[in-house]
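Read the numbers this way: they start at 1 and go in the same order the structure lists the ligands and their atoms.
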Amino acid sequence: MHLRVLGVGEGDFVLASSFTFIGSVSAILYQNAKPIFVDSDESWNISPLLLKEAIRLAPKKPKALIITHLYGQLCKLDEIIAICKEEGIYLIEDAAESLGASYHGIQSGTLGDMGVYSFNGNKILTTSGGGMLVSENEEWITKAKFLSTQAKEDTLHYEHKEFGYNYRMSNVLAAIGVAQMEVLAVRVDRRREIFALYQKHLCSIDEVQFMPEIQESRGNRWLSTLTLAKTNPLQVIDALEKENIESRPLWKPMHLQTLFVDSLVIEDGTSQKLFERGLCLPSGSSMSDEDVYRVCDTLKKALK
Ligand SMILES: Cc1ncc(COP(=O)(O)O)c(C=O)c1O
């Protein structure tokens with residue numbers, strides 16, 4: 001819906017991080033627009049260099065860029081914002097995973113033209129489902145509210161000139177979310193502590209490399225994630241599963257999805273390698289230190 005508010009329509013091009021969850025880019029298809037996927041760099045997030053290349057090679061000027069702050073870690077926003085301003089491309093931050101993370105002390109999702117958040121059950125703060133759109137542009141927000149509530153005209157009777165959606169969040173769920181905002185900082189601190197514990201206990205293993213944090217930022221470590229240089233992550237996922245510990249591979253990049261075989265992509269193999277070598281560890285804010293040690297011990301055994 002955010003792309004519709006920005007005037008993206010059929011045949012338009014929209015740039016997007018390839019290394020993300022499908023929810024980030026489905027909006028492009030809803031508009032019958034065409035994605036141009038951009039690969040990651042050493043930050044695991046979108047590469048500003050490849051982004052420039054994608055803009056240069058695009059068949060027509062892209063209207064918007066959707067970036068994902070992957071696993072709660074921030075993209076290189078200074079460079080990305082500069083590119084979007086110079087090229088006249090709208091910037092949408094997918095902050096679904098990065099609520100409570102910040103860049104130069106500013107909350108993720110509030111640095112682009114629009115920010116989107118998710119309150120799905122697996123997020124740092126949850127209303128069981130639903131999300132939020134933010135922007136400083138009042139006109140866009142008014143239009144988004146209109147579209148998200150079935151596009152009813154401002155008349156006493158039910159008058160419709162265009163189609164809308166039933167995307168509103170109930171006030172009961174919103175109240176549950178607002179109440180949790182009070183503990184957001186505590187949850188971010190705990191997720192960062194859990195990450196620090198993993199790092200401390202696993203950093204001596206040569207083949208383990210954790211997702212980095214760029215200097216200007218403070219990520220929320222929504223998930224603690226790493227890559228393994230030698231061992232097949234699927235073998236480790238299996239070993240953890242046997243101990244009743246859930247873990248997952250990293251997101252499969254969009255340009256490798258069957259759905260997007262015909263889409264344009266600017267890639268250098270980075271996100272594919274991350275997908276093949278990566279692992280998401282249990283990271284819930286309610287994990288105890290002992291829970292984390294148990295994961296570490298099981299993982300160490302699996303790597304021997
Ligand atoms: C990066 C990203 N974007 C979008 C979504 C979709 O959010 P929702 O499930 O609230 O639609 C998710 C997660 O679920 C996500 O991780």
Hey, is NZ on K230 packed in by over 12 heavy atoms from elsewhere, all under 6.0 Å?
-> no

E162 atom CD, over 12 foreign heavy atoms within 6.0 Å = yes

Strictly under 6.0 Å, is that where the ring centroids of F260 and F37 end up?
-> yes

Is the distance between the ring centroids of W222 and F195 under 6.0 Å?
-> no

How long is the gap from CD on E207 to CG on L303, to the nearest 0.5 Å?
-> 5.0 Å

With E213, which residues qualify under salt bridge (charged side-chain N to carboxylate O under 4.0 Å, His left out), at least two apart?
-> R192

Output the set of protein residues with a heavy-atom contact under 4.0 Å to ligand 1, ordered first by chain identifier and then by residue number.
-> T20, F21, G23, S24, T68, D94, A96, E97, S118, N120, K123, G130, W251

